[in-house]
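In what follows, a structure is listed as structure tokens, so that the remarks can point back to it.
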Amino acid sequence: MRLISVIRFVFMRLRNQCLPSIALLKCLRMSSFAGRMKEYPTISLDRFDRENLHARAYFLSHCHKDHMKGLKGPLLKRKLKFSLTVNLYCSFVTKELLLSNPKYNFWQDHIVALELDSPTHISLIDETTGESEDVVVTLLPAGHCPGSVMFLFEGGQGTVLYTGDFRLAAGDVARMEFLHSGNRVKDIQSVYLDSTFFDPRFYQIPSREACLNGIKELVQDWLIQSPYHVVWLNCKAAYGYEYLFTNLSEEFGCRVSPLRVHVNSLDMFQKMPELLSHVTTDRATQIHACRHPRDEEFFRTNRLPCGCTAKDGKPLRIISIKPSTMWFGERTRKTSVIVRMGKSSYRACFSFHSSYSEIKDFLSYICPVNIYPNVIPMGRTFEEVTEILKPLCREYSGRAEIVYKPLVS
DNA sequence: GCGATCAGAT
DNA sequence: CACATCTGATCGC
């Protein structure tokens, strides 16, 4: 009997250790990043379960649930209760979004919000031995969702960049001051990369501006027809669509008649006045981004998720716009950023993540020694992704100025 | 009763 | 167009 329980224990351990590779095979979008970097293994980022329970410091790149695994776990809660030095580092906005959910209240006194572009010294202390290591961390804007950042670490084990999830346009990297030292890019040992779309299939994704303009045009053409014409933005339950709300609000509102986007709740935005001023819980508006568990079904029967109707009982004329990623290959002809799906439903191009060519632009500028993918794009294997990342690593890139060349006699 | 996991959904 | 999340079933503690 005893032997059986030992065997069962060993089996469980094996199964647990295999989990990341199983997730990888199934090509889930859950980050396959296990939470730690080779160079600074005493810190954990965007993963808070398993080995990460022992970290000396935690980092959260943005407030999306697939980067918060274990963050409300009872084991971590217990660890914090007895710890004086363990903190969670993130941006001010991420802190705000996180604490707007009461389940994370126990982090309150252990969160250190950091300013963007502002190098901060952190001592990584082992509370049992007193052993300590210093790093300097800098938050760089990642353009993925409100509060999203990359983490740049500089310390005894070299300079490494953890990108979190990001959407940067070609050329943006050259304007990131803290990736530079003097006029040159820093010597970056490793990049831990958001490789969601690092696949030539996703060669090009229309720019944010192009997507936004397409949506503005569609909304404009609909709203001007009458006060009964309304738009439902069919957005997923996740942060990242807010710039859509603010831009549409600004575009279609004016001083005498402001237009705010209807959303379910304002709680998470209470300390973000620039966002707060463009959203509302008043249903009497022509643009809605509210949700309901059966909202698609509602829409099919010409209802908004919030149940809003016109004051005089006349039926509303509703169109839905569903933000979705659209991509184009290197040579494929670009079509519209708006696609009509049915009589009154549309898809609009929208991406939280950089395209293949945007990632290539980013990496070829940085030219790191190592690149580790945090995600395996669907339909790809880890080996394939590493193979196409190789040419962007320093050793293969043909950029040799940093490489030591011994004299040959 | 809670958490983890999975299938299925949008 | 393939992201990020939610719901409900099931399992184990």
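A, B, ... follow the sequence lines: proteins, then strands. Residue 1 opens every chain. Every value quoted in this text rests on a predicted model; they were computed, and no experiment measured them.
Nucleic acid contact class of A:R294 (heavy atoms, under 4.0 Å, all strands): none. A:S324 comes within contact range of the sugar-phosphate backbone alone, with a heavy-atom separation under 4.0 Å but no base atom that close. A:M341 comes within contact range of the sugar-phosphate backbone alone, with a heavy-atom separation under 4.0 Å but no base atom that close. In this structure, A:Y239 reaches neither bases nor backbone, as no heavy-atom distance under 4.0 Å exists between it and the strands shown. At the heavy-atom level, A:H144 lies under 4.0 Å from the strands shown only through sugar-phosphate atoms.
Every residue meeting the ring pair (Phe, Tyr, Trp, His ring centres under 6.0 Å) condition with A:H288, not counting sequence neighbours, appears here in chain and number order: A:H262. Residues that satisfy the salt bridge (Lys or Arg N to Asp or Glu O under 4.0 Å) test with A:D117, not counting sequence neighbours, are absent from this structure. In this structure, the ring pair (Phe, Tyr, Trp, His ring centres under 6.0 Å) partners of A:Y372, at least two apart in sequence or on a different chain, are A:Y192.
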Please tabulate, for side-chain N and O atoms in residues 325-334 of chain A, each donor-acceptor pair with protein atoms closer than 3.5 Å (sequence neighbours left out).
{"residue": "A:T325", "atom": "OG1", "partner": "A:F350", "partner atom": "O", "Å": "3.4"}
{"residue": "A:T332", "atom": "OG1", "partner": "A:G329", "partner atom": "N", "Å": "2.7"}
{"residue": "A:T332", "atom": "OG1", "partner": "A:G329", "partner atom": "O", "Å": "3.4"}

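For A:K69, a side-chain nitrogen or oxygen approaches OP1 or OP2 of B:dT5 to under 4.0 Å.
Residues A:F352 and A:P293 each lie close to DNA chain C; by heavy-atom proximity, the contact nearer the 5' end of the strand is made by A:F352. Taking the nucleotide of DNA chain C with the nearest heavy atom to each of A:F202 and A:A237, the more 5' of the two is matched to A:F202.
A salt bridge (Lys or Arg N to Asp or Glu O under 4.0 Å) check over residues 231-244 of chain A, counting only residues at least two apart or in different chains, returns nothing. Contacts classified as side-chain hydrogen bond (donor to acceptor under 3.5 Å, both in side chains) and involving residues 72-95 of chain A (residues at least two apart or in different chains) are given here: A:Y58-A:K79, A:S83-A:E127, A:T85-A:E127, A:S91-A:T94. Residue pairs meeting the side-chain hydrogen bond (donor to acceptor under 3.5 Å, both in side chains) criterion with at least one member in residues 294-322 of chain A, sequence neighbours excluded, are A:Y228-A:D312, A:N234-A:E296, A:R294-A:E297, A:T301-A:R303.
One can place CG of A:L75 at 12 Å from C1' of B:dA4, the figure rounded to the nearest angstrom. Spacing between atom NE2 of A:H292 and atom C1' of B:dT10 amounts to 14 Å, rounded to whole angstrom units. The distance between atom NZ of A:K236 and atom P of B:dA9, rounded to the nearest whole Å, is 14 Å.
Taking a 4.0 Å limit (strictly below) on heavy-atom distances, residues 295-304 of chain A does not reach DNA chain C anywhere.
No option in A:Y241, A:Y243, A:F166 other than A:Y241 meets the ring-ring contact (aromatic ring centres under 6.0 Å, His included) test with A:F352.
Between chain A and DNA chain C, the heavy-atom contact criterion of under 4.0 Å yields a 5' to 3' nucleotide range of C:dC1 to C:dC6.
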**Prompt:** Please walk me through it: do A:D46 and A:S61 pass side chain to side chain donor-acceptor pair (under 3.5 Å)?
**Reply:** CA-CA 7 Å; A:D46 288 356; A:S61 69; 2.7 Å; yes

